[in-house]
Every structure is written in C-alpha cells, then in structure tokens.
2 protein chains.
Amino acid sequence: MNKKIELSKPALNRKAKRQTKLDAILRHAAKAFMENGYYKTSLDDIAKLHNVTKPTLYYYVKNKEDILIKCEDVASKRINGLLDEVTATDENGFLQLKKFIVGYVEIVTDDIIRCHIRHRGQRENSDAREASLNMHRGIEHRVREIIRQGVKDGSIKSCNSTIIAILLFDALNGISAWYRNEGELNHEDLVGQVLLLVTDGLRK
Amino acid sequence: MNKKIELSKPALNRKAKRQTKLDAILRHAAKAFMENGYYKTSLDDIAKLHNVTKPTLYYYVKNKEDILIKCEDVASKRINGLLDEVTATDENGFLQLKKFIVGYVEIVTDDIIRCHIRHRGQRENSDAREASLNMHRGIEHRVREIIRQGVKDGSIKSCNSTIIAILLFDALNGISAWYRNEGELNHEDLVGQVLLLVTDGLRK
DNA sequence: AGTTTAAGTTACTCATGGGTAACAATATAG
DNA sequence: CTATATTGTTACCCATGAGTAACTTAAACT
C-alpha cells in the first residue's frame, strides 16, 4: 500500500506537469496571437516565449492549428459553464440574460478566450471549421433560448431573438479586442454601460 | 478646338480606365480576403480573379498591404461622407445617431468596407498602422460627439459616450462579418432590430 | 508613318516558416 | 543499477508566396 502510493504519485505528477505545460503554451500562444495575429506569429516565436525549441511544441500540440482548436476547447467549456450556471436558476429570462452578460464580460478578458474569439472561423481544416461553427452555433442557440424565454415570461420585449442574440455577441465579443483589465477603465463601469445599452437603450 | 477635344478624350479615357481597373482589383481582392482571409489569399489568387498575372497587379498597387490601405481609403471616405450627411442637419443627437446607424448598416455590406473592417489593425508597416488607427479614432470621435450632443440636448440618456460609441461600433461592425444582402433576412428587419436594441433596450 | 508610354507576360530570387528525422539528456520503473 | 519511456535538442527539408528583372505587345500622340 505504501509502495502503491509512492509509485502512483510520480505518475500523477507527470500527467499534471504535462497539463500545466500545455496550459502555459496555450497561454503564451494565445497572448502572442492576440498581439501580433496568428499568421505573424511563428511557432519559433511561441517556443521562445516558453524557453523551448520549436520541435518541443509538437510534443504538446499536433500542429499550429491545433493550438487554436485547443483554445477553442477551453473557451467552449468556460462559456458553456457560464450558461449552465445562468440557466440553472429559475429566474426570468431577462435576469438570466443579464447574468450571462455580466459573466461574459468577465470571461472575455482572458487571453485564451480572446484568442478564440478573434481567430474562430480561421480554421484551415474543413472538419475543424465545421466543428468550430457547430460549437459556436450551440452557444448562440442557448442565448437565443434565454431571450425567447424572456419574451415568453414577459421580462423581455418582443423581438427577433436570433438577430438580437447575434448583435449582443457582436458587441460583447468586440470588447475582447480592445478591453484591457489593467487600464484606467474599470470593469464595473464597462458592465454598467453594456447593461445600460442593452436593457434600456439610449433614447431618453 | 475640335482637335483639342479629340486629343484629350483618349487621355481621360485612359485615366478613367485605369481607375476602373484599380476599383475592380480592389473589389476582387476584398471579396477574396473576406472569403479566405488576408494571409490565405495570395496575389496570384487575386490576379487570377482579374484574369491577369501577378506582376500586373504591381502596376496598380504598391504591394499586398497597399490593397488594404486603398480599401481603407474607400471605407474612410464613405463613412465620413455618411457622417457629413448626418451631422449637416440640425436634428437632435438621437435622431442623428439613428440616421447614422441606418446608413452604416447599409454601408457595411459592401465588400470593400467589410474587408476594411475585418482587416484594420493588421497593418504590418508601423506608419500605416498608425494612420489606420488615427482614421478610425477620427470616426469614433465623430460618433462620440453625436452622442454627447444628444445627451446635452436631452434626446439621449446620460451615459459614457466613449464606451457606448465603441459598443455600438462593435455591434455594427460585427454585422459585416455575417450579413449577406442576398440572404433571407432582409435589410429592414435587421435595421429594425438594431434600432430596437439600441434605442429602447430589451427590458420590458 | 514611327516613336513613346502604358499594360502585361515569363521566368526568376529569396525569405519565411511549418513540419520532420535523428540524435541527446533526463527522469522513472523494476 | 540498468532498461525504458519522457522531454528535449540540432540540423535539416520543402512548399509557399511576396516581390523583381527583363522582355513583349498594344495603344496613343505628333
């Protein structure tokens, strides 16, 4: 028994270490992609950020595009996780949508998510492109459903939920392109203005 | 006199023809860039679309990036032209903003404009990048001013005009990525939903 | 007419960068 | 303490694609 523990410990450590390194590579890559764009960032650049050489990357990642796919995976899980949280409550549609917006603005400052938002739709492999599209449609569909439910329960104005969901995502995703957490504009003000626009509109 | 006219006519024809061809190249390039992205579109591809060979393009365009710059030029003129129109009236800020939104959604379906929106910020040359940023700031500033004026004259809710202008552009520019004029969703419905969201918000 | 300018072609150069093969070092297992 | 899987390296290959040089054809002006 004692032996078993001693034997399994390093093995777990190994897997964990590997995962940690993969995560770090993803973070480094995502940051570089956001700063310079996918095509202007070479695998050598990414390797350098990680203090390894290019071939080492291929031990963690299938190829360059695979980095984007793995980022998408992370993004998909976080966004769907948020949607799980939001839709778990029995609040009305409007309040659920509001919660989603607040959570999404939080999520959208993460480099991996930003990278995914910016580079989704750039998949070269057609299967990967299809998968990416599907996962995106899935998320959009869930938000659309929240809106639809809100219209039904009377908390949201009657509207074309499809278009509204897309417009909402356009605005929120746009944030990922310019917003920096470190900057002078704080998070609460940003969320406040987004909610002002989305819930009550601009007309006085 | 008769002679003079005969002499100047072909010269004008030449310049006009040249301009026409440049426009066509820009359109072809912009369309290809939108379909496949800037880096996945080679100059050979663009040349082929125009039934010429690659070196011929260099007769009309300085280099690949110059295509983006020329697209930006077209875009800048059209958007600023719209803003000129909109701000020429003495209507209140809200109505001016509404007019701008309607006009912008119209503009945003043009391939050259779409290309510019998608690829702005990808300039490799640092001077070009700076110029691009400045022109974009200029436009954003003008919209911000409209909003500010609206707040002043009481037609728009009190808000952070900087953030709101950015969010508005995020949503509108997002449209350029997915909206096709030919599709089942007609222009009026789209504009209607945008205005619903922006002017009155979703909360019932 | 003949000369010049515009417009276009073929055939290259050359840097970049994704991806791989073969080899080296290090940690884990027995 | 050796055998083996895990990580990593150096040194390459090779496709792609931007940009250019030198040459040809077509149009336009005097």
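Quick note on labels: first sequence line is chain A, next is B, and so on, each numbered from 1. Atoms considered below: every heavy atom in the structure, side chains included; atoms not considered: hydrogens, waters and symmetry mates. Everything quoted here is computed from the prediction, not taken from an experiment.
Remark: Glu91(B) engages Lys99(B) in a salt bridge, criterion side-chain N to carboxylate O under 4.0 Å. A salt bridge does not link Lys54(A) to Asp45(A): none of the charged side-chain nitrogens sits closer than 4.0 Å to a carboxylate oxygen.
One can place CG of Leu22(A) at 14 Å from C1' of dT7(D), the figure rounded to the nearest angstrom. Between Asp44(A) atom CG and dT10(D) atom P the separation is 12 Å, expressed in whole Å. When rounded to the nearest whole Å, the span between CG of Leu57(A) and C1' of dT20(C) equals 14 Å. The distance from atom CD1 of Ile67(B) to atom P of dG17(D) is 14 Å, rounded to the nearest whole Å. Atom CD of Gln19(B) is separated from atom P of dA6(C) by 16 Å (rounded to the nearest Å). The separation between Asn63(B) atom CG and dA15(C) atom P is 18 Å, rounded to whole Å. As rounded to whole Å, 21 Å separates atom P of dA27(C) from atom NZ of Lys15(A). dG18(C) atom C1' lies 11 Å from atom CD of Glu124(A), rounded to whole Å.
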task = Any chance you could lay out the side-chain hydrogen bond (donor to acceptor under 3.5 Å, both in side chains) test for Gln96(A) and Thr87(A), step after step, and finish with the verdict?
result = CA-CA 7 Å; Gln96(A) 287 192 14; Thr87(A) 54; 5.6 Å; no
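For Tyr59(B) and dG8(C), the shortest distance from a side-chain N or O to OP1 or OP2 is not below 4.0 Å. Residue Arg18(B) places none of its side-chain N or O atoms closer than 4.0 Å to OP1 or OP2 of dA6(C). Residue Ser42(A) places no side-chain N or O under 4.0 Å from the OP1 or OP2 atom of dT16(C). Proximity of Lys21(B) to the phosphate of dG8(C): a side-chain N or O atom is located under 4.0 Å from OP1 or OP2. Close to dT9(D), at under 4.0 Å from its OP1 or OP2, lies a side-chain N or O of Thr53(A). The phosphate of dG8(D) (OP1 or OP2) has a side-chain N or O of Tyr60(A) nearer than 4.0 angstrom. Considering only side-chain N and O atoms, Lys64(A) lies nowhere under 4.0 angstrom from the phosphate OP1 or OP2 of dT16(C).
Judged by distance alone, the side chains of Asn173(A) and Tyr104(A) do bring a donor and an acceptor atom under 3.5 Å apart.
Side chain Lys54(A) to base dG17(C): no donor-acceptor pair is found below 3.5 Å.
Between Lys62(A) and Asp45(A), the one whose closest nucleotide on DNA chain C sits nearer the 5' end is Asp45(A).
Taking the six-membered ring where tryptophan is involved, the planes of His119(A) and Tyr38(A) are tilted, since the angle between them lies from 30° to 60°.
Comparing dA11(C), dG18(C), dT20(C) by their closest approach to the side chain of Leu43(A) singles out dG18(C).
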